[in-house]
Amino acid sequence: MSKRYDIIVAGGGHAGIEAALAAARLGLKTALVTLKINTIGKMSCNPAIGGLAKGHLVREIDALGGEMAKIIDRTGIHFKILNRSKGPAVWSPRAQADRLAYMRDAQRVVLSQKNLEVIEAAVTGLKVKNNRVVGAVINNDQTLPCRALILTCGTFLNGQIYIGLNVIESGRAGELPVKGLTEALVALGFESGRLKTGTPPRIHRDSIDYSKLQEQKPDNPPVPFSFQTESIQRKQLSCWIAHTNPTVHAWLETGLDRSPLYTGLIQGVGPRYCPSIEDKIVRFADRDRHQLFLEPEGFDNPEVYVNGFSTSLPEDVQIQALRSVPGLENAQIIRLGYAIEYDFFPSYQIHHTLETKGVEGLYFAGQINGTSGYEEAAAQGLLAGINAALKLKGEPPLILSRSQAYIGVLIDDLINKTILEPYRMFTSRAEFRLLLRHDNADLRLMDIGHQIGLLPHRAYERMLQKKANIARLQETISRASLEPEVFNPYAAQIHSSPIQQRLPLKQLVRRPEVSLRELLRLAKLPDGFSEEELIHV
């Protein structure tokens, strides 16, 4: 405990992992302090990475040199590009993870990282001298000297779990909360608040009648998250769709008088875009059914996550309501759903670097800033780790603008908008979303990741080659054209309208039904371009 660290990161969740890895990889002596080493990288709620707009964040994390995309590529079991019915700007990658494999892989990366030491303890306070962090207090009695402290506390700050009228002090199911840290920060002049989130029940996969459910198959081939992943060879699993019905809703209504949401036990505000099932049946009383996604948690894990059924209702109500869903009549519940309430610190108290305005060298990242989701947390953790390291090295900070990245939108929103509920990223939050696509995150951000020193040189070289190929292809199609007699037979095959005169390829390729690779073949032009490059152009 006499050691002195450059940077201490408190918390081993997704924000803490990215912060600690970034700081260590940039050459700073770093310590990751976490309650339990064997829960580093644990997926507290949905075992999935990505989704609408969140997938954009993950690809940006990867382009800057972060780790999340690579971990999910190694451990994903159901990859899917969402929103394909809309334009490419809002397509978003998502992958269901093998929960245990993801956690083990994250731990492997963290525990093998040079310059990074992992300490099993709780950060319960901090030492401040001349308005600057000089140490982290652990377990209420020992101090670890440091030059910067990054707090990524998740839902652990004075966390309380609710199942019906039962209240349990916990930061996550089966784990103790962190006490003392909120009070230490408030004593320094910080303002705190309370937020709420929740999780659904888990059921045994062998107790489900899949004949009554709609199968949702993964993409084939799966699209990787990381620009450094060549392909996904791992076996994939299907997810399943179920629906609630009036009987389910009737059972849920019987528990409202014992709901912590409706009896006033929970004071914190929950996520509007991920409401509990009891909230759905009250707010949308005119609807006779709601969609549920049954998502497997791994090959060797029998648990199935009932996405869409987040709840804090009493045990007997959860069981009866679930077993009224067609296909779940014999559902064996492994773990009940619950709500969790925790402390956060309104994010107007941080700079765009994620350093706090009140104390120099202190950084907040993740749910402590009022966000929800693994991806939002990881993005903040990465930026906090980078900026803490850059500051200690005497280099300019990394501040991404709203026009550069979804990460820039996220941080700017946190600082400039009042956070009344857990913040969630959406494509609609980005004014420049037509340009900020998930597939061009490498072209937008890899220069920065490489310049900072986080992105491997090989990945950077691949991006430069991709950029050169795209420029060459754009020039090629701007000069080439096709005659009606060449294009029209192909147009008839794809049910596209014929042309009456020679037209340039750059005009023909605007037709959604047209394949650019096929146009190159018809024009007898050299190909050799990747599918990714063709789609980009």
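Just so it is clear, the structure is predicted and the values come from calculations on it, not from any experiment.
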Verify side chain to side chain contact (heavy atoms under 4.5 Å, CB included) between Tyr338 and Leu336, making sure each step is shown before the conclusion. CA-CA 6 Å; Tyr338 63 83; Leu336 291 168; over 6 Å; no
Can any side-chain N or O of Ser372 pair as donor or acceptor with the backbone N or O of Tyr423 at less than 3.5 Å? yes
Yes or no on side-chain hydrogen bond (donor to acceptor under 3.5 Å, both in side chains) for Gln291 and Arg289, after CA distance, side-chain angles and deciding distance? CA-CA 7 Å; Gln291 190 165 256; Arg289 72 174 195 168; over 6 Å; no
Heavy-atom closest pair, residues Ser44 and Tyr374: N-OH, 3.3 Å
Quick one: pull up SG in Cys274 and CG in Asn46 and give me the separation to the nearest 0.5 Å. 8.5 Å
Minimum side-chain heavy-atom gap Ile203-Leu322 below 4.5 Å: yes
Trp240: partners by ring-ring contact (aromatic ring centres under 6.0 Å, His included), with sequence neighbours left out: Tyr210
Side-chain ion pair, Arg462 and Glu532, N-O less than 4.0 Å: no
Mark yes or no for whether Glu278, through its side chain, and Ser312, through its backbone, hold a donor-acceptor pair below 3.5 Å. yes
Counting neighbours of CG on Asp300 that are heavy atoms of other residues, nucleotides or ligands and sit closer than 6.0 Å, is the number greater than 12? no
Do the side chain of Asn245 and the main chain of Val248 share a donor and acceptor less than 3.5 angstrom apart? yes
Would you say that Asp286 contacts Phe284 through its side chain, given a criterion of any heavy-atom pair below 4.5 Å between the two side chains? yes
So that I can tick it off, tell me whether Glu376 and Lys54 are bridged by a salt bridge, with the cut-off set at under 4.0 angstrom between side-chain N and carboxylate O. yes
Does Pro224 reach the side chain of Asp73, with side-chain heavy atoms less than 4.5 Å apart? yes
Answer yes or no: is there an ion pair linking Arg74 with Glu67, defined by an N-O contact shorter than 4.0 Å? yes
Distance, nearest 0.5 Å, that separates OG of Ser403 from CG of Leu436: 7.5 Å
Exercise: identify the closest heavy-atom pair between Ala242 and Leu213: CB-CD2, 3.5 Å
Tell me the closest heavy-atom pair linking Ala173 and Ser170, and the distance in Å. N-OG, 4.0 Å
Do Ile419 and Pro346 make a side-chain contact, defined as non-hydrogen atoms from C-beta onward lying under 4.5 Å apart? no
Residues which pass ring-ring contact (aromatic ring centres under 6.0 Å, His included) with Tyr102, listed by chain and number, not counting sequence neighbours: His14
Counterpart residues, side chain to side chain contact (heavy atoms under 4.5 Å, CB included), relative to Ile470 (two or more places apart): Leu443, Lys466, Gln474, Glu533, His536, Val537
Do any pairs count as a ring pair (Phe, Tyr, Trp, His ring centres under 6.0 Å) and have a residue in residues 297-333, sequence neighbours left out, and if so which ones? none
So Leu64 and Ile407, do their side chains get closer than 4.5 Å, heavy atoms only? yes
Any chance you could lay out the side chain to side chain contact (heavy atoms under 4.5 Å, CB included) test for Glu60 and Leu410, step after step, and finish with the verdict? CA-CA 12 Å; Glu60 290 179 355; Leu410 164 67; over 6 Å; no
Could you walk me through whether Ile81 and Asp219 pass side chain to side chain contact (heavy atoms under 4.5 Å, CB included), step by step? CA-CA 7 Å; Ile81 298 292; Asp219 288 346; 3.8 Å; yes
Side chain of Arg323, backbone of Ala331: donor and acceptor closer than 3.5 Å? yes
Distance (rounded to the nearest 0.5 Å) between Glu329 CD and Asp209 CG: 6.5 Å
Quick test of your reading of the model: are Arg59 and Asp439 salt-bridged, counting only N-O distances below 4.0 Å? no
Heavy-atom donor-acceptor pair, Gln107 side chain to Asn38 backbone, under 3.5 Å: yes
Donor-acceptor pair, side chain of Arg517 and main chain of Phe529, under 3.5 angstrom: yes
Minimal heavy-atom distance between Leu82 and Arg94, with the atoms involved, is CD1-CD, 3.8 Å
Considering all heavy atoms, the nearest Leu157-Cys153 contact: CG-CB, 3.7 Å
Before giving the answer on side chain to side chain contact (heavy atoms under 4.5 Å, CB included), spell out for Gln96 and Leu237 the whole-Å C-alpha distance, their side-chain angles and the decisive distance to 0.1 Å. CA-CA 9 Å; Gln96 202 68 23; Leu237 295 175; over 6 Å; no
Please check if atom CD in Gln236 has more than 12 non-hydrogen atoms from other residues, nucleotides or ligands closer than 6.0 Å. yes
Got a second to check how far Gln332's CD is from Glu303's CD, nearest 0.5 Å? 10.5 Å
Is it the case that the side chain of Arg521 and the backbone of Asp527 share a donor-acceptor pair, with hydrogens and angles ignored and the cut-off at 3.5 Å? no
Nearest 0.5 Å please: distance from the CE atom of Met446 over to the CG atom of Leu455. 5.0 Å
Look at Glu297 together with Arg205 and state whether they make a salt bridge at an N to O cut-off of under 4.0 Å. no
Does a donor on one side chain and an acceptor on the other come within less than 3.5 Å for Thr311 and Gln318? no
Residue of the set Glu513, Arg511, Glu518 for which side-chain contact (heavy atoms from CB on, under 4.5 Å) holds with Ile494: Glu513
When you measure from the side chain of Lys70 to the backbone N and O of Gly66, does any donor-acceptor pair fall under 3.5 Å? yes
What are the two closest non-hydrogen atoms of Leu256 and Leu313, and how far apart are they? N-CD2, 4.3 Å
Does Lys80 reach the main-chain N or O of Lys217 with its side chain, forming a donor-acceptor pair under 3.5 Å? yes
Heavy-atom side-chain proximity of Leu52 to Phe426 below 4.5 angstrom: no
So Ser226 and Asp62, side-chain hydrogen bond (donor to acceptor under 3.5 Å, both in side chains) or not? Walk me through it. CA-CA 6 Å; Ser226 176; Asp62 184 68; 2.8 Å; yes
Any side-chain heavy-atom pair of Arg283 and Arg272 under 4.5 Å: yes
Do Ile208 and Leu328 make a side-chain contact, defined as non-hydrogen atoms from C-beta onward lying under 4.5 Å apart? yes
To the nearest 0.5 Å, what is the distance between NE2 on His249 and NZ on Lys280? 9.0 Å
May I have all residue pairs that pass side chain to side chain donor-acceptor pair (under 3.5 Å) and include part of residues 151-165, sequence neighbours excluded? Asn158-Glu183, Asn158-Asp343, Gln160-Tyr162, Gln160-Arg194, Tyr162-Glu341
Per the salt bridge (charged side-chain N to carboxylate O under 4.0 Å, His left out) rule, what does the pair list look like for residues 164-173, sequence neighbours excluded? Glu169-Lys179, Arg172-Glu175
Does Asn440 reach the main-chain N or O of Arg437 with its side chain, forming a donor-acceptor pair under 3.5 Å? yes
Mind telling me whether His56 and His438 have parallel, tilted or perpendicular rings, with 30° and 60° as the class edges? perpendicular
